[in-house]
Protein chains: 2
Amino acid sequence: MRKPTLEEVAAAAGVSKMTASRALRGAADVSRESVLKVSRAAEQLGYVGNRLALALSSQRTNLVSVVVPSMSNIVFAEVLAGISAGLEGSGMQAVFGITDYDPLKEHVVIRDMLSWQPAAIIVTGLEHGEETRRLLEQAKIPVIEIMDTDGYPIEFNIGLSHGVAGEEMAHALLGAGRRKFGYVGSALDKDLRAAKRKLGFEKVLKAAGLSFIAQSIAPEFSSAALGKRLTLEMLATAPEPDCIYYSNDDMAAGGLFACMQKGVAVPDQVLIAGFNGLELTAALPVKIATSCSPRRHMGEMAARIACRALTDERATLTRRIVFTPEITLGDHAMPDKQA
Amino acid sequence: MRKPTLEEVAAAAGVSKMTASRALRGAADVSRESVLKVSRAAEQLGYVGNRLALALSSQRTNLVSVVVPSMSNIVFAEVLAGISAGLEGSGMQAVFGITDYDPLKEHVVIRDMLSWQPAAIIVTGLEHGEETRRLLEQAKIPVIEIMDTDGYPIEFNIGLSHGVAGEEMAHALLGAGRRKFGYVGSALDKDLRAAKRKLGFEKVLKAAGLSFIAQSIAPEFSSAALGKRLTLEMLATAPEPDCIYYSNDDMAAGGLFACMQKGVAVPDQVLIAGFNGLELTAALPVKIATSCSPRRHMGEMAARIACRALTDERATLTRRIVFTPEITLGDHAMPDKQA
DNA sequence: ATGAAAGCGCTAACAG
DNA sequence: CTGTTAGCGCTTTCAT
């Protein structure tokens with residue numbers, strides 16, 4: 001026995017397919033009686049509508065495709081949670097795809113997503129292969145690029161400038177009196193946004209006649225364990241920096257643990273700065289410096305734009321929203337008061 | 001101009017719809033020439049197949065629905081990453097839904113997922129509403145319940161016994177010489193697995209003639225910040241425990257930070273134990289005790305079972321896989337050597 | 001190796 | 001308020 005179809009529900013209720021369809025969708029022009037008969041029949045048969053047929057027939061889906069580079073990074077999970085929450089109540093459904101930071105995989109994933117005829121698509125970052133970009137342009141649905149604003153968006157763009165984030169952090173740290181900067185990062189060839197932050201940071205250092213006196217960069221993905229390892233390495237070899245800029249908070253937290261273990265005073269001896277403003281940083285024994293990225297909020301906003309682009313005039317919506325990450329020096333603000 | 005259909009590609013290539021269909025799917029019985037003409041036409045028109053039509057027509061999808069309670073918890077993100085990886089190369093596509101630990105939402109989410117006619121469904125935990133359970137049973141697709149094995153599965157079940165995990169941890173901590181136990185947890189009404197661990201733990205304490213001498217439980221979801229706050233509260237009020245069992249590693253990490261801040265020696269004065277074996281714990285200044293849950297692996301395995309249940313004889317597959325979480329006392333193992 | 005016909009389960013657009 | 005007629009874009013099945 002197959003799964004019951006609308007036709008079978010209709011038959012059981014003694015009405016036509018159309019009446020059943022209308023009744024189940026809560027259409028206005030259906031008699032109370034029909035609604036009752038139909039919903040009872042549906043209930044009784046355990047009827048679950050077939051969205052494939054619905055979508056094909058009505059030529060529209062409630063799908064919002066979301067493409068992110070990774071899932072093992074809490075940051076993207078939070079963005080997804082934001083999108084999911086932002087879609088709540090709209091009747092839209094998020095569908096997620098993961099690229100593993102691989103442009104080729106991104107192409108395949110986006111193609112696969114588009115084949116489901118989503119109503120809108122949200123992708124991470126502004127860098128896509130040429131063909132991938134064409135795919136998105138030709139899809140004729142709202143395209144929302146999130147997280148980054150340093151580049152040329154296809155249509156809608158919500159994020160922050162990582163170049164500027166790096167610059168501002170450099171300014172703040174210089175303002176806090178630091179001069180001997182180290183850099184600890186990972187997978188910069190894949191994490192383009194981390195690379196942009198580093199570039200912005202270096203730009204400001206250069207303008208101040210400075211540059212990183214030590215760098216430790218690994219090809220693996222970021223993690224507290226990696227940040228700890230690289231920091232231990234850096235601390236073991238002269239010259240010792242008075243401030244280390246990390247590719248993100250995971251790495252920075254590891255750096256903090258490394259310092260604690262080596263008896264290096266934080267922030268007196270070494271100031272530690274990350275990026276994201278992870279929830280974890282609020283709990284650390286020493287509050288490190290960080291720029292808070294509104295990642296959940298970005299997700300919610302992207303979701304909202306996706307919905308609005310389908311109802312309101314898509315052309316009148318703001319096409320670019322740039323967040324300014326708030327910098328906090330945490331406990332590090334105290335030793336050398338600034339401003 | 002709408003998006004090109006197979007028919008248009010076929011026309012452009014000068015063949016019939018069917019030949020085009022076969023050519024694009026790489027069927028055997030198509031002439032080299034046709035394949036060439038069709039693929040060129042498809043390329044040129046920017047053709048992207050319509051999976052809705054494909055699925056409706058062929059009566060099958062490549063969808064594997066996945067339902068998890070939360071996304072802001074790294075644990076589930078890792079499970080999803082595992083599922084995604086496990087599906088890689090199978091042609092299957094994961095679709096994620098989030099329940100926010102709400103049984104009503106779970107029902108809606110599962111219903112929505114099923115309406116897309118997935119080939120299989122993976123859900124978290126064994127506790128579902130009666131109607132939800134019926135929905136899953138009547139779906140006639142492989143149902144895989146993950147994370148937990150303490151209960152009655154619908155079909156396939158992959159996970160670990162959280163009750164036993166709690167018991168084992170209690171044994172280990174007793175073995176390490178601890179006697180004055182505190183408990184710090186959160187959202188136990190929602191996180192049923194954490195509640196099961198606590199029950200298991202308490203059972204063993206009771207058998208040893210003990211019980212928690214202090215408990216601090218908050219309704220919010222777990223986080224390092226919360227673990228820190230609750231621990232500070234607990235440390236501020238007598239009696240002081242010599243060991244605190246946390247609902248998970250996030251909370252435990254916060255507990256460690258609280259101790260560090262208060263100058264409480266860990267583990268000499270207070271031993272800290274969590275659950276999950278998060279990557280973070282490897283980097284902490286002091287390695288806390290924890291049970292390592294193979295969450296990514298569970299995801300991969302669930303994905304593999306989903307695939308196999310579609311190809312092999314579904315009835316012959318192992319229906320239950322129980323992982324044994326490995327307990328590590330970390331740096332805490334040293335002070336009182338055991339076994 | 002290719003094509004024609006039928007139909008997947010549903011809704012849009014018209015009738016009544 | 002209800003029903004009928006046509007598809008949506010693809011694959012399946014059966015011819016050729």
Side-chain angles (χ1 to χ4, degrees), chain A residues 1-39 41-42 45-63 91 112 114-119 139-140, chain B residues 1-39 41-42 45-63 91 112 114-119 139-140:
Chain A
M1 195 186 102
R2 271 178 24 279
K3 282 190 291 186
T5 68
L6 180 61
E7 181 132 40
E8 289 160 342
V9 174
V15 297
S16 77
K17 231 165 46 164
M18 267 321 292
T19 302
S21 169
R22 291 195 260 251
L24 289 175
R25 279 181 293 163
D29 290 359
V30 188
S31 70
R32 296 193 129 288
E33 195 192 10
S34 295
V35 172
L36 226 74
K37 283 190 299 184
V38 172
S39 49
L45 292 174
Y47 173 72
V48 176
N50 184 331
R51 268 220 121 83
L52 297 170
L54 189 165
L56 184 60
S57 167
S58 64
Q59 296 285 75
R60 63 201 160 69
T61 66
N62 66 339
L63 261 28
D112 281 359
L114 290 178
S115 72
W116 285 103
Q117 318 292 114
K140 284 154 191 157
Chain B
M1 195 185 103
R2 273 178 21 280
K3 282 192 290 186
T5 68
L6 181 61
E7 182 131 41
E8 289 160 342
V9 173
V15 298
S16 77
K17 230 166 43 166
M18 267 323 294
T19 304
S21 169
R22 291 194 261 250
L24 288 175
R25 279 180 294 162
D29 289 0
V30 188
S31 69
R32 297 193 130 285
E33 196 192 8
S34 295
V35 172
L36 227 73
K37 282 190 300 185
V38 171
S39 49
L45 291 174
Y47 174 73
V48 176
N50 185 331
R51 268 219 121 85
L52 297 170
L54 188 165
L56 183 59
S57 168
S58 64
Q59 296 286 73
R60 63 200 160 70
T61 67
N62 65 339
L63 261 30
D112 281 359
L114 290 179
S115 73
W116 286 103
Q117 319 291 119
K140 284 154 192 158

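Below, chains carry the letters A, B, ... as their sequence lines are ordered, and counting in each starts from 1.
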- Can you tell me if the side-chain N/O atoms of Ser16(B) get under 4.0 Å from OP1 or OP2 in dT2(C)? no
- Task: Can you figure out which of dC10(C), dC8(C), dT2(D) approaches the side chain of Val30(A) most closely?
- Result: dT2(D)
- Query: How is Arg32(B) classified with respect to the nucleic acid when contacts are heavy atoms under 4.0 Å: base, sugar-phosphate, or nothing?
  - Reply: nothing
- Note on the structure: note: Lys37(A), atom NZ; dG3(D), atom C1'; distance rounded to Å ~ 13 Å
- Closest to the Asn50(B) side chain: dT11(D), dC10(D), dT11(C)? dC10(D)
- Message: So does Leu36(A) get a backbone contact from the side chain of Ser39(A), meaning a donor-acceptor N/O pair under 3.5 Å?
- Response: yes
- Note on the structure: Closest to the side chain of Thr5(A), out of dT13(D), dC10(C), dT11(C), is dC10(C)
- Message: When you measure from the side chain of Ser21(A) to the backbone of Lys17(A), do you find a donor-acceptor pair of N or O atoms at a distance under 3.5 Å?
- Response: no
- Task: Could you tell me the separation between the CG atom of Leu52(B) and the C1' atom of dG7(D), rounded to a whole number of Å?
- Result: 15 Å
- Item | Residue Val15(A), side-chain atoms from C-beta onward, closest of dC10(D), dT11(C), dG3(D) | dG3(D)
- Message: To the closest 0.5 Å, what do you measure between CG (Leu6(B)) and CE (Met18(B))?
- Response: 8.5 Å
- Message: For a quick test of reading the model: is some side-chain N or O of Arg60(A) closer than 4.0 Å to OP1 or OP2 of dA12(C)?
- Response: yes
- Can you tell which of dG3(D), dG7(D), dC10(D) lies closest to the side chain of Arg22(A)? dG3(D)
- Item | Nucleotide dC10(D), atom C1' - distance to CD of Glu8(B) in whole Å | 13 Å
- Name the closest nucleotide to the Arg25(B) side chain, picking from dT11(C), dT11(D), dC8(D). dT11(D)
- Query: Pick the nucleotide of DNA chain C nearest each of Ser58(A) and Gln59(B); which residue has the one closer to the 5' end?
  - Reply: Gln59(B)
- Item | Interatomic distance where CG belongs to Asp29(B) and C1' belongs to dT16(D) [whole Å] | 14 Å
- Query: Given atom NZ of Lys17(A) and atom C1' of dA12(C), what is their separation to the nearest angstrom?
  - Reply: 12 Å
- Considering only dA4(C), dT2(C), dC8(D), which nucleotide approaches the side chain of Met18(B) most closely? dA4(C)
- Glu33(A) or Ala53(A), whichever maps to the more 5' nucleotide of DNA chain D: Glu33(A)
- Message: Any non-hydrogen side-chain atom of Leu52(B) less than 4.5 Å from a side-chain atom of Trp116(B)?
- Response: yes
- Shortest side-chain distance from Ser57(B), nucleotide among dG9(D), dT12(D), dT2(C): dG9(D)
- Query: Do Arg22(A) and Val38(A) have side chains that get closer than 4.5 Å, going by heavy atoms?
  - Reply: no
- Item | Whole-Å gap separating C1' (dC8(C)) and CH2 (Trp116(B)) | 15 Å
- Message: Expressed as a whole number of angstroms, how long is the span from Leu56(A):CG to dC10(C):P?
- Response: 12 Å
- Message: Would you say that Asn50(B) contacts Gln117(A) through its side chain, given a criterion of any heavy-atom pair below 4.5 Å between the two side chains?
- Response: yes
- Query: Taking OP1 and OP2 of dG9(C), is either one under 4.0 Å from a side-chain nitrogen or oxygen of Tyr47(A)?
  - Reply: no
- Among dG3(D), dT11(D), dT12(D), which nucleotide sits nearest the side chain of Ser21(B)? dT11(D)
- Query: Which of these nucleotides, dT2(C), dC10(D), dT11(C), is closest to any side-chain atom of Leu6(B)?
  - Reply: dC10(D)
- In whole angstroms, how far is the P atom of dG9(C) from the CG atom of Leu54(B)? 15 Å
- Message: Strictly below 4.0 Å: does Thr19(A) bring a side-chain N or O up to OP1 or OP2 of dC1(D)?
- Response: no
- Name the residue closer to the 5' end of DNA chain C, choosing between Gly14(B) and Arg51(A) according to the nucleotide with the nearest heavy atom. Gly14(B)
